[in-house]
Amino acid sequence: MHKTGEVIMGKRPDGKLFEALEAFAAASDERSLSKAARILGRSTPTVASMITRLESDIGVRLLRRTARGVSLTPEGEALLPKARSVVRLASEFERDAVSAGREAIREVPIGAVEACLFQFLPDFMRYLDQALPGVRLRVTLYDTADLVAALLAGEISIAFGRFAELSVRGISLQLLSEEPSVLIVPRDHPLSKRKAVTWEDVRDEEWIMTLPRVNPGYAAAFVRACRTEGFEPRVRHRPETIQHQIAYVACREGIALIPESYLSSIPAAVRAVPFEGPLPSIRMSAAVSRLRTDPLRDQILQKAIRFASEKISFRQ
């Protein structure tokens, strides 16, 4: 005889209890082991084995098996609401855990042109992991015109672009870096053997320039520089990316000006040549909308300014 208050412990279910209860509830609802198996994405023998193991562990028969399917025993009828409750609570726990994990990481949508995506953002995002833990940048690629439109529409919080200037109401521009442009020519081009090239040497050349909408400020500066030297540039191709500019030059379709930072990616078929005379510089800036307040965005902007400053100082 057991003493009053004594707890009688039977065989404890193992770690598969939730899966077994889920199988029991599904089989009860469907009145079929095979239908329950399809719902759970398991085989019918596996579902049958889980329920049998559960019945063995708790010492109670839950289901009657027949050729037509399964039906609940009186004990199964009594325990089914509890099983459903456990399954529901476990599902809610899993859902809430996923939501909590997402909330722990605050995502900030930003936009960038190809050059920034290629040169600046990878290192800056690693820097931001340390500077602002729990913040993740969600990046979308745009050309410059679409980048400004996305910023105005509120689709992104910060726009990283090759902006020379930007006169748009409500948008402020922060210069992050400025790098020189470099003249590249095909490897077998006569200019590739020159110690120095001037504007006079290139006035009759055909140019590979990105579309004006990709970097309108730089495109305008290039045309102004040519006109200052007394000629109108002849543009043969207008690709959408700097990488495509380099590819056209490699195929001897013309010459091009590219950012200095891209020199490490030029192929053997292309040569960079020294240039005497002023070339337009290439600016990278961050733009934000002052029509919306966003403390986290402003923190990220300040970190970007600091990172760019440290990067320039390191290079010097």
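Fair warning: this is a prediction, and the values are worked out from it, not measured in the lab.
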Please enumerate all residues that pass ring pair (Phe, Tyr, Trp, His ring centres under 6.0 Å) together with [X], with sequence neighbours excluded.
{"X": "His189", "answer": "none"}
{"X": "Phe160", "answer": "Phe120"}
{"X": "Phe275", "answer": "Trp199"}

Looking at [Y] and [X], is any side-chain nitrogen of the basic one under 4.0 Å from a carboxylate oxygen of the acidic one?
{"X": "Lys303", "Y": "Glu310", "value": "no"}
{"X": "Asp123", "Y": "Arg126", "value": "yes"}
{"X": "Glu178", "Y": "Arg283", "value": "yes"}
{"X": "Lys35", "Y": "Glu30", "value": "no"}

Decide yes or no for Arg84 and Asp29: does some side-chain heavy atom of the first lie under 4.5 Å from some side-chain heavy atom of the second?
->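 Contact flag for Arg84/Asp29 side chains = yes.
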
Would you say the side chain of Leu151 lies within less than 4.5 Å of the side chain of Leu147, judging by non-hydrogen atoms?
->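 A side-chain contact is absent here, since even the closest heavy-atom pair is not under 4.5 Å.
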
Considering non-hydrogen atoms only, spot the tightest contact between Cys116 and Pro122 and give its length.
->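 Smallest heavy-atom distance, with atoms named: O-CD, 4.2 Å.
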
Provide the closest heavy-atom pair for Val70 versus Ala27 in the form atom of the first, atom of the second, distance.
->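 The pair with the smallest heavy-atom distance is CG2-O, 3.6 Å.
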
Distance from Ile300 atom CD1 to Met125 atom CE, nearest 0.5 Å?
->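 The CE atom of Met125 is 10.0 Å from CD1 of Ile300, to the nearest 0.5 Å.
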
Rounded distance (nearest 0.5 Å) linking atom CE of Met284 with atom CD of Gln174 =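 It is 10.5 Å, given to the nearest 0.5 Å.
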
Residue pair Arg38, Ser32: steps toward the side chain to side chain donor-acceptor pair (under 3.5 Å) verdict = CA-CA 10 Å; Arg38 284 196 296 271; Ser32 167; 5.8 Å; no

Between Leu175 and Val148, is there a shared hydrophobic cluster once you connect ILVMFWY residues whose side-chain heavy atoms come closer than 4.5 Å?
->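 Result: no, two separate clusters.
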
same_hphob_cluster(Leu54, Ile39) at 4.5 Å side-chain heavy-atom cutoff |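 Different clusters.
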
Classify the side-chain pair Tyr218/Ser181 by whether it contains a donor and acceptor separated by less than 3.5 Å.
->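 Ser181 and Tyr218 do have a side-chain donor-acceptor pair below 3.5 Å.
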
